Amino acid sequence: MSYGPAPDLQQAIYAALTGDAELTSLSGGAVFDAMPEGKPEDCFILIGDEEVRDRSDVSGFGADFLVAISVIGPSDGFLKIKQIAARVSDLLLNFNPSLARGCIGFSHLDRVRARRSTPQTHRRVDLRFRMRVDDITPSN
């Protein structure tokens, strides 16, 4: 297994989410990798947890990255949050950017969960993507 491509993968995801005009229009360009302080007034995108599983084989090191992307917004409705989540899904399906280290073999949406917080202060859609990354330039 190799975790080496992880920083490049996160940078590529961030670039895809902040570099899309339609998503920026929907979300105001609010993309974070840590929960912003205070109560958000509008919707934002959070690059969240990841889990990595070994997928190395005879051809080299590889890993499945299970990446969580959340769309979080006010409690007054799901429509805008779901519109943003749908655009995130469109951008990251078959996602194949150039990485400085490694290459993405495939990217697909593994699961989605839409929910209200308790107490009902916000709503969120959690998307989980599975991305196979082959480490084609390991440092060892």
Side-chain angles (χ1 to χ4, degrees):
M1 181 169 107
S2 175
Y3 194 63
D8 290 337
L9 179 61
Q10 181 169 338
Q11 288 176 335
I13 291 169
Y14 182 82
L17 298 178
T18 58
D20 181 72
E22 182 179 340
L23 186 59
T24 297
S25 175
L26 287 167
S27 68
V31 179
F32 303 98
D33 68 354
M35 188 67 84
E37 301 225 1
K39 185 179 174 192
E41 298 298 318
D42 204 2
C43 300
F44 65 94
I45 300 164
L46 181 66
I47 300 172
D49 298 342
E50 74 182 19
E51 181 180 339
V52 183
R53 298 179 181 163
D54 185 24
R55 291 298 181 257
S56 300
D57 58 27
V58 295
S59 67
F61 295 110
D64 279 348
F65 283 74
L66 304 173
V67 179
I69 307 289
S70 298
V71 180
I72 303 169
S75 62
D76 57 354
F78 267 125
L79 180 60
K80 185 174 182 185
I81 297 166
K82 287 182 177 182
Q83 290 169 331
I84 295 169
R87 184 63 188 156
V88 168
S89 175
D90 290 345
L91 290 171
L92 297 182
L93 286 175
N94 300 313
F95 181 60
N96 194 12
S98 292
L99 301 178
R101 180 170 175 179
C103 64
I104 297 176
F106 65 81
S107 174
H108 73 263
L109 186 59
D110 182 60
R111 68 181 62 169
V112 178
R113 181 176 182 206
R115 59 191 166 119
R116 293 176 186 90
S117 66
T118 305
Q120 293 190 10
T121 57
H122 65 275
R123 295 182 188 214
R124 68 187 292 156
V125 174
D126 297 312
L127 303 104
R128 189 174 84 171
F129 294 88
R130 181 175 170 224
M131 299 177 183
R132 166 63 192 258
V133 182
D134 295 311
D135 189 353
I136 56 175
T137 56
S139 61
N140 52 355

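Both backbone and side-chain heavy atoms feed into the values below; hydrogens, waters and symmetry mates do not. Quantities reported herein were computed from a predicted structural model and do not represent experimental measurements.
- Atoms CD and CD1, on Glu50 and Ile69 in that order, are 9.5 Å from each other to the nearest 0.5 Å.
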(message) Between Met35 and Leu46, does the side chain to side chain contact (heavy atoms under 4.5 Å, CB included) criterion hold? Intermediate values first, please.
(response) CA-CA 7 Å; Met35 188 67 84; Leu46 181 66; 4.1 Å; yes

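- Taking every heavy atom of both residues into account, Pro5 and Gly102 meet most closely at CG-CA, 4.4 Å.
- Between atom CG of residue Asp42 and atom CD1 of residue Ile72 there is a gap of 12.5 Å, rounded to the nearest 0.5 Å.
- Taking OH of Tyr3 as the reference point, atom CZ of Phe65 lies at 6.5 Å (rounded to 0.5 Å).
- The shortest heavy-atom contact between Ala114 and Lys82 is CB-CE, 4.4 Å.
- Rounding to the nearest 0.5 Å places NE2 of His108 at 10.0 Å from CE of Met131.
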(request) Output, in order, the C-alpha distance, side-chain angles, deciding distance and verdict of side chain to side chain contact (heavy atoms under 4.5 Å, CB included) for Glu22 and Leu91. (result) CA-CA 10 Å; Glu22 182 179 340; Leu91 290 171; over 6 Å; no

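- The line from CG of Asp110 to CZ of Phe129 is 10.0 Å long, rounded to the nearest 0.5 Å.
- Heavy-atom minimum distance, Arg123 versus Phe78: NH1-CD1, 3.2 Å.
- In terms of heavy atoms, Arg101 sits closest to Ser2 at NH2-OG, 3.7 Å.
- In summary, Asp64 and Arg53 do not engage in a salt bridge, as defined by a charged side-chain N under 4.0 Å from a carboxylate O.
- Partners of Arg132 under the salt bridge (Lys or Arg N to Asp or Glu O under 4.0 Å) rule, at least two apart in sequence or in another chain, are Asp134.
- Leu23 CG to Ile84 CD1: the interatomic distance, rounded to the nearest 0.5 Å, is 7.0 Å.
- Cluster annotation: Leu109 and Phe106 are assigned to distinct hydrophobic clusters (Ile/Leu/Val/Met/Phe/Trp/Tyr, side-chain heavy-atom contacts under 4.5 Å, transitive).
- Under a hydrophobic-cluster definition in which Ile, Leu, Val, Met, Phe, Trp and Tyr are linked whenever side-chain heavy atoms come within less than 4.5 Å, directly or via other members, Leu26 and Val71 are assigned to the same cluster.
- With hydrogens and angles disregarded, no donor-acceptor distance shorter than 3.5 Å links the side chain of Ser107 to the backbone of Leu93.
- Contact between Ala85 and Leu127 at its shortest, heavy atoms only, is O-CD2, 3.7 Å.
- In this view, Phe32 and Phe44 satisfy the ring-ring contact (aromatic ring centres under 6.0 Å, His included) rule, not counting sequence neighbours.
- Hydrophobic cluster membership differs between Val52 and Leu66, with clusters built from Ile, Leu, Val, Met, Phe, Trp and Tyr side chains linked at under 4.5 angstrom.
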(message) Assess the residue pair Leu9 and Ile104 against the criterion (side chain to side chain contact (heavy atoms under 4.5 Å, CB included)); give the C-alpha distance rounded to whole Å, side-chain angles, the decisive distance to 0.1 Å, and a yes or no.
(response) CA-CA 9 Å; Leu9 179 61; Ile104 297 176; 3.7 Å; yes

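- Residue pairs meeting the side-chain hydrogen bond (donor to acceptor under 3.5 Å, both in side chains) criterion with at least one partner in residues 84-96, sequence neighbours excluded, are Asp20-Arg87.
- A donor-acceptor pair is defined here as one N or O able to donate and one able to accept, closer than 3.5 Å; no such pair exists between the side chain of Asp8 and the backbone of Leu99.
- Nearest heavy-atom pair, Ala16 versus Leu92, reported as atom, atom and distance to 0.1 Å: CB-CD2, 4.4 Å.
- No side-chain heavy atom of Cys103 sits under 4.5 Å from any side-chain heavy atom of Ser98.
- Each of Arg124, Arg128, Arg113 was scored for a side-chain hydrogen bond (donor to acceptor under 3.5 Å, both in side chains) with Ser70, with one residue passing: Arg124.
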